[in-house]
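Accompanying notes for the structure given below.
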Amino acid sequence: MASPTVKPVLRTDYQRSVADYWNKEKDPVNIKLGEVDGLYHHHYGLGQYDPAVLEAPAAVRDQAMIAEMHRLETAQAEVLLDAFGDVPAGGHLMDGGSGRGGTSFMANARFGARIDGVSISEEQVAFANNQAVERGVADQVRFHFKNMLDTGFETGSFNGIWTNETTMYVDLQQLYGEFARLIAPGGRYVCITGCSNDLTGLRSRAVSQIDQHYICNIHPRSEYFRALADNGFVPISVVDLTPETIPYWELRAQSSVATGVEDPFLTAYKEGSFHYLLIVADRI
């Protein structure tokens with residue numbers, strides 16, 4: 001009998017280019033913030049920053065700003081995890097596009113759930129698995145070199161899935177079709193994402209600059225709700241987090257880890273062409 005064909009994780013030139021970008025990524029805005037307490041995130045922050053950090057002595061000012069930015073990005077992850085409510089004892093969650101693993105470790109600590117993270121970056125998967133070993137949770141939190149459009153995990157094996165600023169790299173219909181297969185009926189999907197205004201986003205120079213910086217494809221807001229409905233998800237909460245994320249970007253623009261994309265983000269948010277949304281949807 002012929003062996004079953006093993007599908008490659010990276011299936012298009014675009015996926016290979018995205019994987020190459022994140023395999024090579026050593027951006028201080030991610031690394032230095034993670035070094036504050038060992039939680040390495042790959043997302044932005046929420047909440048007001050403490051203006052006192054801008055008045056700190058010059059010798060410690062930048063480190064104070066970095067620590068404050070890390071506090072805000074960890075607060076963002078807490079908002080995402082809050083949206084799951086109560087996860088059953090021994091539950092099973094998936095992190096779609098897990099980066100260096102920060103939110104996965106927070107989820108495991110909060111819920112006591114098993115976590116499987118998936119990413120097309122082999123470098124970040126290796127980094128996150130090393131973190132799991134160092135934290136003593138490698139039996140509960142695992143990271144996999146997998147494509148979240150076709151994970152190979154067992155049907156109905158998850159109580160919930162989240163994506164945190166990763167959906168702009170994939171086709172939403174394919175993504176939510178796979179998530180509908182993976183999440184048991186009654187389970188939950190939580191998403192935090194940037195999305196464009198359907199009326200003005202496609203004409204926005206600032207949104208185009210964000211796309212170019214991250215080699216991504218920001219989706220219009222309506223595409224999320226169409227793809228969710230088409231694949232059996234019912235949104236139960238939608239929160240516009242845009243006002244809560246602007247302070248993070250204002251602080252980041254003044255820090256040593258600014259990357260040059262801060263002005264496009266601030267412009268897009270303030271002109272209304274770009275939104276930062278929390279979407280919570282149940283699998284029916």
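Note that the coordinates shown come from a computational prediction; the quantities given were computed from them, not determined experimentally.
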Using the ring of each side chain (for Trp, its six-membered ring), is Phe158 parallel, tilted or perpendicular to Phe153, with breaks at 30° and 60°? perpendicular
So, are Asp50 and Arg71 salt-bridged, with charged N and O less than 4.0 Å apart? no
For the NZ atom on Lys26, are there more than 12 heavy atoms of other groups (residues, nucleotides or ligands in this structure) within a distance under 6.0 Å? yes
Is there side-chain contact between Glu165 and Gln76, with at least one heavy-atom pair below 4.5 Å? yes
Within the supplied structure, the quantity of interest is the number of heavy atoms (other residues, nucleotides, ligands) at a distance under 6.0 Å from Arg16 CZ; does it exceed 12? yes
Could you check if a side-chain atom of Val79 sits within less than 4.5 angstrom of a side-chain atom of Glu244, using non-hydrogen atoms only? no
Sub-6.0 Å ring centroid separation between Phe105 and Phe143: yes
Do the ring planes of Phe274 and Phe265 sit parallel (below 30°), tilted (30 to 60°) or perpendicular (above 60°)? perpendicular
Give a yes or no on whether the backbone of Glu123 and the side-chain of Asn23 come within a donor-acceptor separation of less than 3.5 Å. yes
Determine yes or no for a side-chain-to-main-chain donor-acceptor pair under 3.5 angstrom, with Glu122 supplying the side chain and Phe145 the backbone. no
Donor-acceptor under 3.5 Å (His219 side chain, Val170 main chain): yes
Charged N to carboxylate O below 4.0 Å: is that the case for Lys32 and Glu35? no
Is there a side-chain contact between Ile183 and Arg188, using heavy atoms and a 4.5 Å cut-off? no
Please say whether more than 12 non-hydrogen atoms of neighbouring residues, nucleotides or ligands are located less than 6.0 Å from CG in Asp86. no
Just by distance, no angles: are the side chains of Thr193 and Tyr224 close enough, under 3.5 Å, to form a donor-acceptor pair? yes
Is Glu73 paired with Arg252 through a side-chain N to carboxylate O contact shorter than 4.0 Å? no
Under 3.5 Å, is there a donor-acceptor pair between the side chain of Asp211 and the main chain of Ile218? yes
Within the structure provided, determine whether Lys146 and Asp116 are in side-chain contact (heavy-atom separation under 4.5 Å). no
Under 6.0 Å between ring centres, would you say that holds for Tyr176 and Tyr189? yes
Give a yes or no answer on whether the side chain of Glu25 reaches the backbone of Asp27 with a donor-acceptor pair at less than 3.5 Å. yes
Side chains of Asn197 and Ser273: do they bring a donor and an acceptor to under 3.5 Å? no
